[in-house]
Amino acid sequence: MNALLEKYPDEVQSILAKYPSDQAGKRSAVMPLMYLAQREKGHVTKEAIGQIAEICDITVTEVASIIGFYSLYYDEPSGKYHVQVCTDLPCALRGAEAFLENLCVNLGIKVGETTSDGKVKVEAVMCLAGCDKAPMFQVQGPEGLEYHENQTVESALEVINMLRQG
Amino acid sequence: MPMKNMVSLTIDGKQVTVPEGTLIVNAAKQIGIDIPVFCYHPKMEPVGMCRQCLVEVGRPVIDRATGQAVLEADGSPKIQFGSKLETACSTPVSDGMVVIGTSPKAVAGRKDILEFLLTSHPLDCPICDKGGECPLQNLTMRHGPGQSRFVYDEKMHLAKKLPLGELIYLDRERCIQCGRCVRFQDIIVNDPVIAFTNRGRGMEIFSCSEPGFDSYFSGNTTDICPVGALTTADFRFEARPWELCTTASICPHCPVGCNLSVNLRREARANGEVVIKRIMPRQNESVNEIWICDKGRFAYHYTQSKERLTQPLVRRDGELVAIGWDEALSYVAENFVHAGKNFLALASGRLSNEDLFNLSELANGLGGKSALYTHMAGGDLVAQVGVGKATNLSDLGKGSVILVVASDLKEEAPIWWLRVKQAAERGATLIVANPRHTKLERYANQVVRYPYGSEATIVLAMINTMSAKQNFPKAPKFQQGGEAVKTAAEAISAAENLIVFYGSEGIGLEASQALAQACANLLLATDHVHKVNNGLIAVWPRANDQGAWEIGYRPLSNLKEAFQQYEAVYVAGANPAGDDPSLVEAIRNAGFVVVQDLFLTETANLADVVLPAQPFTEREGTFTTGERRVQRFYPGVVRPEYKPDYAITAAISKLAGVNVEAAPLRIFNHLTAKVPAFNGINYRLLAQVSEQWPIIGRSDLYYGGTSYANAQGLGVHLSLPAQTPSLAWPQVSELNLPESMLLAVPVTILYDRGRTVISNGLLHQRIPSPYIELHPTDAQRLGFNDGAQLQFTMGDVLAKAKLHVSDQVPSGVALVPRSLGIPINSPTIIELTVV
Amino acid sequence: MAEHILLRHRAIPGLDQIDTYRQNEGFVALRKVVTSMDPDDVTNEVKVSGLRGRGGAGFPTGMKWSFIDGHNWPHYVIANADESEPGTFKDREIMEGNPYQFLEGVAICAYAVKANDAYIYLRGEFWPIAHKLDQCIAEMETAGFLGEKLFGSNISIHLHTHLGAGAYICGEESALLDSIEGKLGQPRLRPPFPPAVGIYGKPTIVNNVETLTNVPFIINRGATWYKSIGTEKSPGPKIFSLSGCINRPGNYELPLGTTFRELIMDHGRGIPGGRKIKAIMAAGASSALIVANDEALNTPMDYESVPKLGAQLGSASIIVVDDSVSIPWLINKTVHFFEHESCGKCTPCREGTYWMMHLTERISHGEATMKDVELLNDVANQMKGKCLCALGEFSIEAVLSGIERFPSDFTSVTAKSNA
């Protein structure tokens with residue numbers, strides 16, 4: 001019984017259909033399947049790793065190795081929403097570092113921590129290709145990924161409060 | 001094979017000519033120049049990631065317009081050096097190339113990379129197992145900075161004693177991310193159960209298989225790891241390499257005959273005794289290359305077990321009591337003489353050629369009989385159509401066909417599994433015939449399924465298909481198989497070379513003899529006999545079964561009867577009562593039973609006399625591999641208070657008035673004179689070595705790892721008889737299984753409860769409790785859940801086993817692993833009930 | 001240059017809808033190549049046009065297409081949409097505003113190199129853009145511009161999106177190949193190059209989004225027309241992503257050869273807050289720091305001229321640095337980026353970026369001496385020429401140029417420490 005296959009049969013099939021059906025092609029599905037597995041809980045569980053391994057016909061170790069390598073896959077739970085603020089060079093030249101600091105002060109947490117209700121984790125990340133609209137951040141959550149650009153601390157807090165209420 | 005073009009180049013001023021396509025690092029090696037490498041290994045394709053092998057590379061300048069070489073004023077070719085250093089491991093040679101590894105620029109490059117590696121590497125040398133055989137250490141002494149410019153507090157701290165599984169430990173601080181281990185597991189043995197994860201400086205090795213590092217070949221990664229990152233639980237903190245003595249040996253566990261080096265040290269805590277510290281591979285490119293499986297590497301502790309027999313025992317008033325050798329031997333000889341032609345020697349393939357020869361000489365001298373204790377037959381046919389001299393599985397590729405029938409090769413002979421897999425990857429056509437899926441099928445071009453009981457039939461069907469086209473004498477009434485058989489037959493007909501492996505998957509004596517005959521017929525009918533890289537190989541259960549068959553041993557069809565019939569039975573290296581409890585009464589009530597063994601086995605416990613023998617590590621001898629290669633092993637631990645099997649037999653013989661040699665050299669010479677296959681072989685020939693590639697050696701550790709070079713002998717193939725045998729058609733009966741009955745069939749697993757494995761605490765986690773496997777449909781039909789405790793009668797014995805459900809089991813079949821405590825020798829109908 | 005070739009949505013609203021696109025020369029080029037041109041002729045046209053890769057390497061595109069190995073099948077095309085270089089946001093605007101022209105370019109490339117399948121590898125953060133592209137692809141299939149038997153021919157071309165998951169290194173073409181194969185996105189040893197051995201061991205062409213977006217116009221208007229834009233060796237329009245200390249950050253489509261001054265002072269409206277320009281990073285974080293003097297500002301932005309300033313044009317991600325910025329602080333930022341993104345495969349980059357990061361941390365926080373600056377210079381030089389891929393090689397550019405060209409920034413920050 002492969003829970004991933006049972007829960008999302010159509011999606012799994014359309015993912016597999018993108019790549020060649022041989023051994024090498026099946027392995028390509030590991031990245032989109034990882035996103036699928038992460039949808040429910042915001043991270044990939046040990047069981048899901050086994051299910052992905054079965055679908056792609058590779059070992060559990062090969063699947064798990066991907067999680068550590070890529071920044072957007074998580075193997076541990078950490079807040080329902082990730083508010084990821086870019087503080088890379090071009091954004092930093094436009095005040096992103098101060099923006100992040102103020103935002104965190106307002107939320108009562110440090111960078112990298114989660115709000116007390118466990119809903120929002122605030123992180124500093126590398127360039128998100130929004131350099132002309134700094135300060136900006138992205139929100140990674142169960143529904144997917146959303147950009148919020150040309151932000152002030154006030155507008156950012158509004159977005160975060162909506163997330164915490166929803 | 002077409003000759004490759006040769007290319008000439010200069011490396012550090014020395015000229016060398018090598019085939020086109022040779023990598024600079026390998027060309028250098030051939031003229032004694034060791035370019036330091038970490039990620040490169042001569043058995044794997046280059047990846048160019050560690051950057052340690054940087055050299056300056058210059059190439060002759062060619063005028064683009066004329067295509068001519070541009071010359072200097074003095075007429076020598078103008079050489080253009082690249083602005084960047086290049087990696088010697090990934091650059092193929094070209095004509096006129098100039099490689100410099102000794103210039104200030106190249107040396108600085110090496111030093112730079114070393115400095116980078118050392119910024120993260122902990123100063124563990126005083127406590128690191130690799131110290132003394134560590135390439136990083138050696139290179140640092142030669143090139144490296146004496147002081148670190150890296151602030152200690154900024155060093156990354158990582159896990160230092162992380163078990164990847166309980167057999168192999170990882171020290172993440174020592175790891176230099178060379179990737180050799182990961183690539184070995186992925187590319188060479190295709191068990192990708194370890195991998196890199198994370199990025200950048202945090203990149204680390206991990207395993208999440210269950211059990212951890214779940215691979216029969218995991219120990220090899222510790223040989224090729226260039227630092228002390230990967231160590232075995234067996235050898236961790238056990239000894240310093242420079243304290244070790246080494247002896248050449250041969251693995252006693254299976255018919256591959258991997259060449260070993262046994263490392264020894266005299267220890268105070270062992271009261272001044274010499275102790276085995278670890279088993280390492282010894283290079284023999286025709287047998288095991290530079291690898292050994294984990295069973296061979298770790299399952300040696302039984303030789304040093306405290307439970308070993310130390311003194312002869314004799315039964316007095318129903319109890320076994322210790323006595324002296326002289327008394328024991330006299331008593332035994334007396335009884336053997338009395339038995340005369342009612343004497344039986346029952347020996348297994350655990351014994352060496354010398355041991356077996358002496359036993360058979362004793363039996364002959366008394367007018368009695370010698371027999372082979374085994375569940376698998378056909379060795380007489382292998383003696384006639386075995387592989388020809390100079391056969392080397394590494395030479396098989398396109399144009400060769402390998403047929404593996406009735407054998408789960410990865411469980412029965414892991415290194416053969418590896419070599420067959422590699423042959424398939426080189427283009428050989430691999431046909432796997434088995435009733436169920438095994439781990440060899442992944443590499444097979446063709447898979448042939450047949451029901452248990454139809455092993456010989458399926459091979460005979462292949463012959464039938466061919467005889468339709470090619471006028472071979474038709475086999476009587478064997479018409480099974482369908483498309484798969486036709487395709488296989490076609491491939492075999494077209495094959496330049498054909499090697500057939502047959503095993504004992506699901507079969508016992510009779511069926512394996514029939515199968516061997518069928519395979520022999522296949523080889524004969526297609527003229528793939530008496531040629532190099534052609535012939536029949538048996539996947540025996542024990543190391544020297546082939547030797548036994550060659551010397552003339554044959555199995556008995558009814559052991560119970562034998563114990564009842566013979567007045568004296570001399571059992572050596574075998575435990576019939578342990579393997580089959582239904583023999584207990586027969587042995588108990590038998591006339592005079594002598595058991596010669598290492599441990600007080602179930603059979604020994606029923607014997608009249610028990611004689612302690614010696615394991616392979618304490619004595620010398622020769623084994624004959626399944627490929628009919630004779631190889632010699634030497635004593636490592638010398639224990640004068642013990643006697644090896646051949647010596648015990650010689651002593652008994654002397655007292656019994658039978659002329660039998662006591663010295664191994666003399667025994668072997670008599671053997672080679674008497675047994676035609678061995679004619680012309682002597683110890684000197686067995687000791688011959690020739691240069692092997694890749695060059696492995698203790699003086700250069702960078703390159704191939706810490707496996708040992710082979711200075712003690714590569715072994716010699718037995719001869720084949722001048723005449724090829726004629727076709728003989730075996731009697732085959734189909735197993736007609738009534739509906740809703742279960743057929744229990746024996747299968748082999750690598751880690752079983754055999755004495756040599758279970759005596760080792762290290763492997764305990766990998767040894768299963770007795771279990772039985774059923775298909776889910778059968779389990780459901782019978783009302784059993786996965787994991788249920790079941791029982792069934794096997795012969796007269798009540799066996800208990802845990803149920804594993806697997807959809808790879810054919811329906812109507814129950815798989816029963818051998819040597820787990822459930823006595824099964826051939827397919828038997830059983831009835832299962834819940835405990 | 002008045003007309004937008006690439007950022008056409010700025011002049012044509014709704015261009016991201018298929019009907020609007022069709023009304024504006026949409027798919028004309030694709031139909032032309034499939035129905036009336038030989039694949040090799042398509043490659044030749046692109047070769048003659050002089051189009052060079054817009055992802056940063058500037059390799060002649062037509063030449064790359066011609067390298068595809070005709071003995072090994074099938075062929076693949078991969079559009080590199082892993083835009084992760086700090087200061088780069090041009091591919092994003094193309095895919096958001098003018099997606100069909102990009103997709104048409106991918107399809108034409110597939111036709112030219114005889115591939116039936118093309119993958120668009122997007123960075124994981126472009127998740128909504130990938131969804132948009134999936135919709136566009138579906139609409140193109142419905143309208144008969146993708147799929148089987150295009151325009152009544154035997155040609156079939158399928159496009160698929162594939163999301164990365166937050167690793168800059170996957171934008172490096174050989175690492176991208178391993179990533180799509182489901183492995184760690186680490187660069188491969190080259191040779192062999194992707195046109196010989198790509199994904200699944202098959203010949204593959206990897207091109208940047210902007211590069212492929214040029215292709216429909218080259219086909220429609222011809223190579224000669226294309227060469228009339230830009231300079232002789234760097235023809236065509238380029239999207240310059242302008243960011244940093246600038247009044248008007250954003251993407252600007254201008255001919256190659258436009259000067260820094262024109263971009264920064266005219267289009268970008270100069271430096272805010274009355275500050276003075278100090279340095280220019282022309283290739284995002286992978287840049288050497290250009291001293292922003294008159295000579296630099298007057299230099300044309302093309303692949304031949306910028307190297308005269310001791311830097312590369314790269315992806316034309318122009319980050320402007322003003323005189324309030326401390327160079328030690330700046331290189332600490334770039335080194336942090338590379339340390340975070342280093343894949344770890346090769347020794348010099350894995351150990352070197354980690355080492356440099358610790359040094360730049362201390363230096364930028366005033367906890368270091370000039371000896372540490374010298375050591376930083378050493379470490380960077382030690383990495384040079386030894387790395388497996390460009391990430392390691394470029395990670396040292398800002399460091400080495402920063403120390404060499406702005407020495408006073410370093411002496412002032414180290415003079416404060418007692419060590």
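Letters A, B, ... are given to chains in the order of the sequence lines, protein chains preceding strands, and every chain is numbered from 1. Just so you know, these numbers use all the heavy atoms, side chains as well, and skip hydrogens, waters and symmetry mates.
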inquiry  = Side chains of C:Glu397 and C:Ser286 only: does a donor on one sit below 3.5 Å from an acceptor on the other?
reply    = no
message = Show every salt bridge (Lys or Arg N to Asp or Glu O under 4.0 Å) that has at least one partner inside residues 175-199 of chain B, sequence neighbours left out.
response = B:Asp191-B:Lys410, B:Arg199-C:Glu341
task = State whether B:Lys160 and B:Asp171 are salt-bridged, where the test is any N-O pair (Lys NZ or Arg NE/NH1/NH2 against Asp/Glu carboxylate O) under 4.0 Å.
result = yes
ask   = How would you list all residue pairs meeting salt bridge (Lys or Arg N to Asp or Glu O under 4.0 Å) that involve residues 135-151 of chain B, not counting sequence neighbours?
value = B:Glu115-B:Arg149, B:Arg149-C:Asp378
inquiry  = With a strict 4.5 Å heavy-atom criterion, list every residue of residues 83-91 of chain B that contacts chain C, or say none.
reply    = B:Lys84, B:Leu85, B:Ser90
inquiry  = Looking at chain C, which one of B:Gly200, B:Gly109, B:Ala195 has the largest number of heavy-atom pairs inside 4.5 Å, strictly under?
reply    = B:Gly200
request  = Decide yes or no on salt bridge (charged side-chain N to carboxylate O under 4.0 Å, His left out) for B:Arg201 and C:Glu351, but give the supporting numbers first.
outcome  = CA-CA 6 Å; B:Arg201 187 64 210 65; C:Glu351 308 294 339; 3.1 Å; yes
key: Heavy-atom pair count under 4.5 Å with chain B, highest-scoring of C:His340, C:His358, C:Glu361   = C:His358
request  = Heavy-atom distances under 4.5 Å only: say whether C:Leu184 touches chain B with side chain, backbone, both or neither.
outcome  = side chain
query = What part of B:Leu54 is in contact with chain C, defined as an atom under 4.5 angstrom from a non-hydrogen atom: side chain, backbone, both or neither?
reply = side chain
ask   = With distance as the sole criterion, is a donor-acceptor pair present between the side chains of C:Asn332 and C:Thr360 under 3.5 Å?
value = yes
inquiry  = Any side-chain to backbone donor/acceptor pair from C:Glu393 onto C:Lys386? Under 3.5 Å, distance only.
reply    = yes
Contacting region of C:Arg188 [heavy-atom separation from chain B under 4.5 Å] = neither
message = Quick check: C:His162 with C:Tyr121 (ring centres under 6.0 Å apart)?
response = yes
message = So for C:Cys349, is it side chain, backbone, both, or neither that comes closer than 4.5 Å to the heavy atoms of chain B?
response = neither
inquiry  = Check whether C:Tyr76 forms a cation-pi arrangement with C:Lys202 (NZ or CZ under 6.0 Å from the six-membered ring centre, at most 45° off the ring normal).
reply    = no
remark   = Most heavy-atom pairs under 4.5 Å with chain B, out of C:Arg362, C:Glu339, C:Lys384, belong to C:Arg362
inquiry  = If we count only N and O atoms by modelled type, under 3.5 Å, do the side chains of B:Asp12 and B:Thr102 hold a donor and an acceptor together?
reply    = yes
query = What do the steps show when you test C:Glu304 against C:Lys233 for salt bridge (charged side-chain N to carboxylate O under 4.0 Å, His left out), and what is the final call?
reply = CA-CA 8 Å; C:Glu304 284 67 44; C:Lys233 291 209 180 117; 5.9 Å; no
key: Sorted by number, residues from residues 42-50 of chain B in contact with chain C (heavy atoms, under 4.5 Å)   = B:Pro46, B:Val47, B:Gly48, B:Met49, B:Cys50
query = So, for C:Phe337 and C:Tyr168, is the gap between ring centers shorter than 6.0 Å?
reply = yes
task = Could you go through the side chain to side chain donor-acceptor pair (under 3.5 Å) check for B:Gln185 and B:Ser215 one step at a time?
result = CA-CA 8 Å; B:Gln185 287 297 136; B:Ser215 169; 3.2 Å; yes
ask   = With a 4.5 angstrom heavy-atom cut-off, which part of B:Phe38 approaches chain C: side chain, backbone, both or neither?
value = neither
